[in-house]
Amino acid sequence: MERYDPQELELKWQAWWEERGMYRAGGPDDPRPKFYALDMFPYPSGDLHMGHAEAFTIGDVIARYRWMRGYNVLHPIGWDAFGLPAENAAIQRGLHPREWTYANIAKQRETLRRLGYSFDWSRAFNTCDPEYYRWTQWLFLRFHERGLAYRKAAPVNWCPSCKTVLANEQVIQGRCERCDTPVTKRELTQWFLKITEYAERLLADLDLLEGWSEKVKTMQRNWIGRSEGADVVFEVEGVGPVTIYTTRPDTLFGATFFVFAPEHPAASALATRAGLEREFRAFLEEVRAETEVERLAVARKKKAFDLRARAINPVNGEAIPVFASDYVLMEYGTGAIMAVPAHDQRDFEFARENGLPIRVVVMPPGGGLDASTMTQAYEGEGTLVNSGPYDGLPSHEGKAAIVRDLQARGLASPAVRYRLRDWLISRQRYWGCPIPIMHCPRCGEVRVPDTELPVVLPEIKEYLPTPEGESPLARAEEWVRVACPSCGGEARRDTDTMDTFVDSSWYFFRYCSPREERPFDPAEVARWMPVDQYTGGIEHAILHLLYSRFFTKALYDMGLVPFTEPFPNLLNQGMVLYGGAAMSKSRGNIVEPREVIEKYGADTLRVTMLFAGPVEADVDWAAVSPEGVKRWLGRLWRTCLQALPRLPAPGTPPRGGSSLRRAVHRTVKEVTEDYETFSYNTAVAKLMSLLGVIQKEVTSAEPADLREALEFLILMLAPMAPHITEELWHRLGHEGSVHEASWPAFDPELAREEEVTLVVQVDGKVRERIRVAPTITAEEAERLALASPRVAQRLQGVRIVRVVCRPPGLVNIVTEGG
RNA sequence: GCCCGGGUGGCGGAACCGGUAGACGCGGGGGACUUAAAAUCCUCUGCCAGCCAGGCGUGUGGGUUCGAGUCCCACCCCGGGCACCA
């Protein structure tokens, strides 16, 4: 018998599919319902890795299944091709980032083809193509017009190794997301997108995303970090009124000192006033030199600077000392706080370190809290004490009452704050989308006119980042110098480039009309979006997924798109590990998709990924077996070839209710459910079982039944193993592609169980199993149960208290004392 | 510390609404075919008990129930997120 040779057969069908342009999305006249199946596009930092193979396999199964269910599917692919990682890798190899990037794209494209994915290649693009980033710039200008893109000087995250600033989202535990270098703070003028303006909507709309896991939604909620409290005004000696933010206005009477962030303008003003200018500058220097990692260290003394001034507590007129300290952040709240050491752990530590008084104002339910003996702050709720007229009120009532009374005096107002910061998008690096702004000495910031887009990334020899943090683009002197479109005078181009995440915040719109002379055709976007199923890794839970939601809402407000959420359904596949750890060069545990394909074929790789476990769970490649899958596909191959001579012509209707047909139809019912819920591992298990049944009957079954069985099995496997099923489908006598065939329909009558197992328990323990009809009555089931010799033996000499009967599956006989 | 997940055989994992725990596969044992190997096929495989009968078993301890992997309470462990955010 002819052997199953995946290599030859897979290449053959891949060529055939391409020739036929099989996976092109249908045009506006296509009568089928649409389905937009989107996979997070790859980053071309090398060839495809196993993580990609898993993600794209899942996405491909989703897309192919929808085709077979009669949908018009949009399943696009492209490359997220600008950015730091590609640039760093290129520099390491002494290559131009463009060269390196496009070479990797070609390599990945080849591997994606070899894996047999059903992409609509006609829509492919790269975010580093001028035809794409032209529209990234166009969108930036729309943001700029609305004040959603702006420049400001702020203390920002700086990676000394990448020599660029980073967004908050790119700092992981105080370290650079890409190179793990401890991040420092720098005071720089940078471009931001005003994502904070959307904080409330980004938070509230999470509730609409029923197709997202709770995990990702929680991560976004944490990241946005909404808190409710009050702004309260303190009069600070020598400065005037200063607003602070607190979530605990009920503890106002416990404020025993006041703290400014070191960068707060009032802090340096007070230091100057106290004649401590030089000392303060040294203090500030010290604070700035500190890396984020050091600042977050657990057992660390908070830096303190006594500003020798008093602040007046508005609730009781008390004068309290004023400090500057690095534990107060300029970027959150107002950059100034009231300190309540008894009820805030940070304030408590600061008070202890600096010998400041501690006053209890909230008594916990048990009582007995004493400032002189407490070893940590009490942050819970309780009853107000030492709080003048508010004594005796529970915390939540005290909160409301204190704010209300202060508000009447114009000294407080309820306030909501978010942890989320504006998105820092400018980068001092070469390989990114240029910011389409000019700086004119007379007109200030001037937008590059739409007609002059794209602002093309200049060709320069020296594209390495500069140590001073100036963008390499600044070296392209001729490119930088331009005439101001508004006054005609000499202006200079902005020399920063955009964060890669800007590019990826709108690519899914572009796929709808990738060659459009606009960012996208609104009609095509309305036709395809929102995305029906988005598939990708959880590592983007707060970066890409938050930014894309923000972009979509901003575009909605501009009237450019008719919806506010781009991805109502999100599937986060797990990671691919090896031996319990991420694959990495340093560990030497990398398995490449290419080697697996060469050894086993693409179909085996795909099915192995799917069979390994639930899609959301990590796959440990060391613990799964392509061998087993390969064996099974071989068995399928041999069974089909063995059956072939016996089979009637295609289309011969099977009849009757043989056990084979019942097994087939039951499997169709269950596997269809599995496909709908992405339970591919159990779907594969059921297909394996079905092949076992078919194999047993391959020489004895009714020929028409056998044909039906094999065809349905092949159809159900087609989305997962597209090549072998295509081959077998043709060998079974079909002309067209198996992937253009319809998903099999089951006959409910045949899918119904003919016999079920009646379990007989005595006192909850299984004592007997009897095969019965599913229609059995309670009385009949009980009679059969009691008639069983093994059960009767158990029941000798004991009294039956009751019989629980749940036909057709269960009878439980409860005995006295049992 | 707070918030999400999750703990089931030697391993990956099944188990609808509370109703046969361990589907399917890997690995392992035994056997067939073969001069031999590969490939393939058959068979056994949670633990204890020689077989049967039986007992024990889903992180730990309690509870609800005729019946709990599944529900409730307390705890332990693992993974992930957030965290000097006032």
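Owing to the predicted nature of the structure, the values given are computational and were not obtained by experimental measurement. Naming: A, B, ... by sequence-line order, numbering from 1 per chain.
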Find every protein N or O atom lying less than 3.5 Å from an N or O atom of nucleotides 53-57 of chain B, and list the pairs.
{"unit_1": "B:G54", "atom_1": "OP1", "unit_2": "A:Arg794", "atom_2": "NH2", "d": "3.4"}
{"unit_1": "B:G55", "atom_1": "OP1", "unit_2": "A:Arg767", "atom_2": "NH2", "d": "3.3"}
{"unit_1": "B:G55", "atom_1": "OP2", "unit_2": "A:Arg767", "atom_2": "NH1", "d": "3.2"}

Glycosidic torsion of B:C17 (syn if within 90° of 0, anti otherwise) classifies it as syn
Per the O4'-C1'-N9-C4 / O4'-C1'-N1-C2 angle with a 90° window around 0, B:G9 comes out syn
Pairing nucleotide - [N], Watson-Crick or G-U, each distance under 3.5 Å:
N: B:C52; value: none
N: B:C82; value: B:G1
N: B:U58; value: none

Sugar-phosphate only, base, or nothing, as touched by [X] at under 4.0 Å among non-hydrogen atoms:
X: A:Lys302; value: base
X: A:Ser227; value: sugar-phosphate
X: A:Ser689; value: sugar-phosphate
X: A:Val340; value: nothing
X: A:Ile542; value: sugar-phosphate

Quick tally for nucleotides 26-34 of chain B: nucleotides whose base has a protein heavy atom under 4.0 Å get B, sugar-phosphate-only ones S, the rest -, giving SS-------
Check ring pair (Phe, Tyr, Trp, His ring centres under 6.0 Å) between [X] and all other residues, then give those that pass, not counting sequence neighbours.
X: A:Phe501; answer: A:Tyr547
X: A:Phe712; answer: A:His665
X: A:Trp223; answer: none
X: A:Phe253; answer: A:Tyr390

Would you measure the distance from the [atom1] atom in [N] across to the matching atom in [M] and give it in whole Å?
N: B:G63; M: B:G12; atom1: P; result: 32 Å
N: B:C17; M: B:C72; atom1: P; result: 14 Å
N: B:G10; M: B:G46; atom1: C1'; result: 10 Å
N: B:A21; M: B:G55; atom1: P; result: 12 Å
N: B:G59; M: B:G9; atom1: C1'; result: 15 Å
N: B:C73; M: B:G29; atom1: P; result: 47 Å
N: B:G22; M: B:G13; atom1: C1'; result: 10 Å
N: B:C75; M: B:G80; atom1: P; result: 23 Å

Figure out the [atom1]/[atom2] separation between [X] and [N], and round it to whole Å.
X: A:Asp5; N: B:A39; atom1: CG; atom2: P; value: 17 Å
X: A:Gln345; N: B:G1; atom1: CD; atom2: P; value: 12 Å
X: A:Tyr578; N: B:C11; atom1: OH; atom2: P; value: 17 Å
X: A:Asp231; N: B:A86; atom1: CG; atom2: C1'; value: 12 Å
X: A:Lys215; N: B:C82; atom1: NZ; atom2: P; value: 11 Å
X: A:Arg226; N: B:C3; atom1: CZ; atom2: P; value: 18 Å
X: A:Met219; N: B:G80; atom1: CE; atom2: P; value: 11 Å
X: A:Leu577; N: B:G12; atom1: CG; atom2: C1'; value: 13 Å

- prompt: If you draw a 6.0 Å radius around CD in A:Glu754, do more than 12 non-hydrogen atoms from other residues or ligands fall strictly inside?
  reply: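 Counting other residues, nucleotides and ligands, CD of A:Glu754 stays at 12 neighbours or fewer.
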A:Lys217 NZ: over 12 foreign heavy atoms closer than 6.0 Å: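 Yes, the 6.0 Å shell around NZ holds more than 12 heavy atoms from other groups.
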With sequence neighbours left out, the residues meeting side-chain hydrogen bond (donor to acceptor under 3.5 Å, both in side chains) with A:Thr218 are none
Taking side-chain hydrogen bond (donor to acceptor under 3.5 Å, both in side chains) as the definition, give me every residue that meets it alongside A:Thr196, ordered by chain and number, with sequence neighbours left out.
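Partners of A:Thr196 by the side-chain hydrogen bond (donor to acceptor under 3.5 Å, both in side chains) criterion, ordered by chain and then number, come out as A:Asp422.
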Pairs of donor and acceptor atoms involving the side chains of residues 772-781 of chain A, under 3.5 Å and at least two apart or interchain, shall be tabulated with distances.
{"unit_1": "A:Thr777", "atom_1": "OG1", "unit_2": "A:Glu780", "atom_2": "N", "d": "3.1"}
{"unit_1": "A:Glu780", "atom_1": "OE1", "unit_2": "A:Arg783", "atom_2": "NE", "d": "3.3"}
{"unit_1": "A:Glu780", "atom_1": "OE2", "unit_2": "A:Arg783", "atom_2": "NH2", "d": "3.1"}

Flag for A:Ser227-A:Tyr245: side-chain donor and acceptor within less than 3.5 Å
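There is such a pair between these side chains.
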Carboxylate-amine/guanidinium proximity below 4.0 Å for A:Glu214 and A:Arg221: yes
- Message: I'd like to know if A:Lys302 and A:Asp326 make a salt bridge, using a cut-off of under 4.0 Å between side-chain N and carboxylate O.
- Response: no
| query | Given B:C24, B:G5, B:C82, which nucleotide is nearest the side-chain atoms of A:Glu214? | reply |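 Closest of the options to the side chain of A:Glu214: B:G5.
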query: Which nucleotide in the list B:A86, B:U20, B:G81 gets nearest to the side chain of A:Tyr245?
result: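 Nucleotide nearest to A:Tyr245's side chain: B:A86.
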Short heteroatom pairs, N/O only, protein and nucleotides 66-77 of chain B, under 3.5 Å:
{"unit_1": "B:C66", "atom_1": "OP1", "unit_2": "A:Arg802", "atom_2": "NH1", "d": "3.2"}
{"unit_1": "B:C66", "atom_1": "O2'", "unit_2": "A:Asn812", "atom_2": "ND2", "d": "3.4"}
{"unit_1": "B:C66", "atom_1": "O2", "unit_2": "A:Asn812", "atom_2": "ND2", "d": "2.5"}

request  = Anything under 30° is parallel, anything over 60° is perpendicular, the rest tilted; go ahead and classify A:His343 against A:Tyr378.
outcome  = perpendicular
Check: What is the distance from atom CH2 of A:Trp621 to atom CG of A:Asn589, rounded to the nearest 0.5 Å?
Finding: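 Answer rounded to 0.5 Å: 14.0 Å.
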- Query: Between A:Thr757 and A:Arg771, does a side-chain hydrogen bond (donor to acceptor under 3.5 Å, both in side chains) hold up when you go through it step by step?
  - Reply: CA-CA 5 Å; A:Thr757 302; A:Arg771 297 293 292 172; 2.9 Å; yes
On RNA chain B, more 5' by nearest nucleotide between A:Gly809 and A:Lys686 is A:Gly809
Comparing nearest nucleotides in RNA chain B, the 5'-proximal residue of the pair A:Lys696, A:Gly225 is A:Lys696
Are the side chains of A:Leu384 and A:Thr251 in contact, using a 4.5 Å heavy-atom criterion?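 A:Thr251 vs A:Leu384: side chains apart.
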Extract from the structure each pairing of a protein N or O with an N or O of nucleotides 13-17 of chain B at less than 3.5 Å, listing the distance.
{"unit_1": "B:G13", "atom_1": "O3'", "unit_2": "A:Asn681", "atom_2": "ND2", "d": "3.3"}
{"unit_1": "B:A14", "atom_1": "OP1", "unit_2": "A:Asn681", "atom_2": "ND2", "d": "2.9"}
{"unit_1": "B:A14", "atom_1": "O5'", "unit_2": "A:Asn681", "atom_2": "ND2", "d": "3.4"}

Could you list the donor-acceptor pairs under 3.5 angstrom formed between side-chain atoms of residues 788-798 of chain A and any protein atom two or more places apart in sequence or on another chain?
{"unit_1": "A:Ser788", "atom_1": "OG", "unit_2": "A:Glu768", "atom_2": "OE2", "d": "2.8"}
{"unit_1": "A:Ser788", "atom_1": "OG", "unit_2": "A:Arg790", "atom_2": "N", "d": "3.4"}
{"unit_1": "A:Ser788", "atom_1": "OG", "unit_2": "A:Val791", "atom_2": "N", "d": "3.3"}

